[in-house]
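When a residue number appears, it is its place in the shown sequence, counting from 1.
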Amino acid sequence: MKISLRTFVFIDALQPQLASYLATSSQGFLPVPGDACLWVEVAPGMAVHSLSDAALKKTNVRMGEQVVERAFGSMELHYRNQSEVMAAGGVILNQLGVREDSRLRVKVAWNEIIRAITPDHATLINRQFRKGSMILPGKSMFILEVEPAGYIVYAANEAEKAAQVTLVDVRPFGTFGRLTMMGNEAEAAEAQRAAIAAIERLNESAAHH
């Protein structure tokens with residue numbers, strides 16, 4: 001059966017909010033800030049089991065997350081040192097018989113900043129399945145949606161690196177990945193700039209091969 005590599009992205013150092021967020025939703029071994037991380041998404045979903053099995057047997061990485069849907073399967077692998085995580089990525093690519101540049105390009109499906117959120121809107125967002133920080137009335141909200149879903153984790157990490165911004169929610173599963181961040185106007189704009197630049201970098205590296 002043909003397995004397609006949808007997302008394959010290496011994160012050099014998980015930022016504190018994103019690491020904590022992943023730990024709240026993780027069923028596996030919890031990542032901590034500063035861990036290197038690899039996010040992989042394949043289709044069909046069941047293919048993720050043999051890939052994670054190979055990576056876990058041949059390297060020391062820990063698995064924080066594995067979600068198997070009918071269409072797509074995702075996993076998050078992490079470890080303190082980057083070379084171990086990169087080795088796990090190599091194992092996965094070998095198993096698939098592909099190179100990193102066969103991953104899908106990232107498409108931005110939605111990209112917006114909503115300024116001065118109302119109390120009603122903030123309450124509604126906070127009461128939904130939020131695992132990050134609360135959003136506060138009067139603040140600006142940066143929302144981003146990308147396809148394939150897994151790349152949203154990289155965008156979130158790079159935005160957190162660049163901006164004094166608060167992580168409200170990140171959903172890296174399903175057809176689209178979604179990110180919600182909060183800050184004052186300048187912080188939200190800086191997060192948006194960094195997230196989009198991160199996605200452009202991923203697409204450039206795909207285009208160069």
Side-chain angles (χ1 to χ4, degrees), residues 3-96 98 100 103 106 128-134 146 148-161 165-181 195 198 202:
I3 301 168
S4 69
L5 183 63
R6 290 177 55 78
T7 301
F8 185 92
V9 65
F10 174 75
I11 294 169
D12 58 353
L14 282 171
Q15 298 302 293
Q17 293 184 78
L18 182 60
S20 304
Y21 182 98
L22 291 174
T24 62
S25 65
S26 163
Q27 287 90 44
F29 288 88
L30 307 187
V32 294
D35 277 358
C37 158
L38 179 72
W39 199 280
V40 180
E41 180 186 322
V42 292
M46 290 292 261
V48 83
H49 285 293
S50 62
L51 297 172
S52 51
D53 177 63
L56 291 167
K57 281 176 179 164
K58 294 193 168 123
T59 69
N60 292 314
V61 293
R62 312 309 304 257
M63 186 154 61
E65 191 80 80
Q66 188 183 56
V67 172
V68 184
E69 300 168 311
R70 179 66 207 98
F72 313 129
S74 308
M75 64 174 141
E76 182 274 330
L77 301 169
H78 58 267
Y79 200 68
R80 270 331 260 178
N81 74 41
Q82 296 184 9
S83 57
E84 200 70 23
V85 177
M86 287 174 144
V91 169
I92 289 165
L93 294 174
N94 284 344
Q95 183 99 344
L96 287 171
V98 299
E100 184 174 341
R103 65 188 182 187
V106 194
Q128 286 167 349
F129 308 102
R130 173 190 53 77
K131 294 204 177 76
S133 299
M134 287 191 295
V146 302
Y151 290 113
I152 204 72
V153 177
Y154 182 71
N157 201 63
E158 293 301 298
E160 187 183 337
K161 259 186 205 175
V165 74
T166 301
L167 178 63
V168 176
D169 201 39
V170 56
R171 308 217 182 158
F173 307 112
T175 307
F176 295 97
R178 292 181 170 161
L179 172 64
T180 308
M181 288 182 144
L202 288 175

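The closest side-chain heavy-atom distance from Tyr79 to Thr59 is not below 4.5 Å. A heavy-atom distance below 4.5 Å is not found between the side chains of Asp169 and Arg178. Between Glu76 and Met63, every side-chain heavy-atom pair lies at or beyond the 4.5 Å cut-off. By the 4.5 Å heavy-atom criterion applied to side chains, Gln95 and Ser50 are counted as neighbours. A heavy-atom distance below 4.5 Å is not found between the side chains of Val40 and Leu77.
Closest of all the heavy-atom pairs between Ala23 and Leu30 is O-CD2, 3.6 Å. Between Leu14 and Pro31, the closest heavy-atom pair is CD1-CB, 3.6 Å. Minimum heavy-atom separation, Arg6 to Thr175: NH2-O, 4.2 Å. Contact detail for Glu69 and Gly174: the closest heavy-atom pair is OE1-N, 3.3 Å. Here the closest heavy-atom approach between residue Met181 and residue Glu160 is recorded as CE-N, 4.1 Å. The two atoms that bring Ala198 and Ala155 nearest to each other are CB-CA, 4.4 Å, heavy atoms only.
Panel note: side chain Gln82, backbone Ala36; no donor-acceptor pair is recorded below 3.5 Å. Within the 3.5 Å criterion, the main-chain N or O of Val9 finds no donor-acceptor partner in the side chain of Tyr154. In this structure, the side chain of Glu158 does not engage the main chain of Ala156 through any donor-acceptor pair within 3.5 Å.
With respect to the salt-bridge test (charged N to carboxylate O, under 4.0 angstrom), the residues Arg80 and Asp35 qualify.
Within the model, atoms CD1 of Ile92 and CD of Glu100 stand 11.0 Å from one another, a figure rounded to the nearest 0.5 Å. Atom-to-atom distance recorded for Ile152:CD1 and Leu179:CG is 5.0 Å, nearest 0.5 angstrom. Once rounded to the nearest 0.5 Å, the distance linking CG of Leu22 with CD1 of Ile11 reads 7.5 Å. Here His78 contributes atom NE2 and Glu84 contributes atom CD; the two are 12.5 Å apart, rounded to the nearest 0.5 Å. With values rounded to the nearest 0.5 angstrom, Met86 atom CE is found 11.0 Å from Asn81 atom CG. Taken to the nearest 0.5 Å, the CZ atom of Arg103 stands 13.0 Å off from the CD atom of Glu41.
Tyr151 pairs by the side-chain hydrogen bond (donor to acceptor under 3.5 Å, both in side chains) definition with nothing, not counting sequence neighbours. Under the side-chain hydrogen bond (donor to acceptor under 3.5 Å, both in side chains) criterion, Asn157 pairs with no residue at all, not counting sequence neighbours.
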Q: List the steps and the verdict of side-chain contact (heavy atoms from CB on, under 4.5 Å) for Phe8 and Leu38.
A: CA-CA 7 Å; Phe8 185 92; Leu38 179 72; 4.0 Å; yes
Q | Residues Glu65, Gln27; criterion side-chain contact (heavy atoms from CB on, under 4.5 Å); working and verdict | A | CA-CA 6 Å; Glu65 191 80 80; Gln27 287 90 44; 2.9 Å; yes
Q: Take Val98 and Ile3, measure what side-chain contact (heavy atoms from CB on, under 4.5 Å) needs, and give me the verdict at the end.
A: CA-CA 10 Å; Val98 299; Ile3 301 168; over 6 Å; no
Q: Start with the C-alpha gap between Asp12 and Lys161, add the side-chain angles, then the distance that decides, and say whether side-chain contact (heavy atoms from CB on, under 4.5 Å) holds.
A: CA-CA 11 Å; Asp12 58 353; Lys161 259 186 205 175; 2.9 Å; yes
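In this structure, Phe29 places its CZ atom where only 12 or fewer heavy-atom neighbours from other residues, nucleotides or ligands lie under 6.0 Å away.
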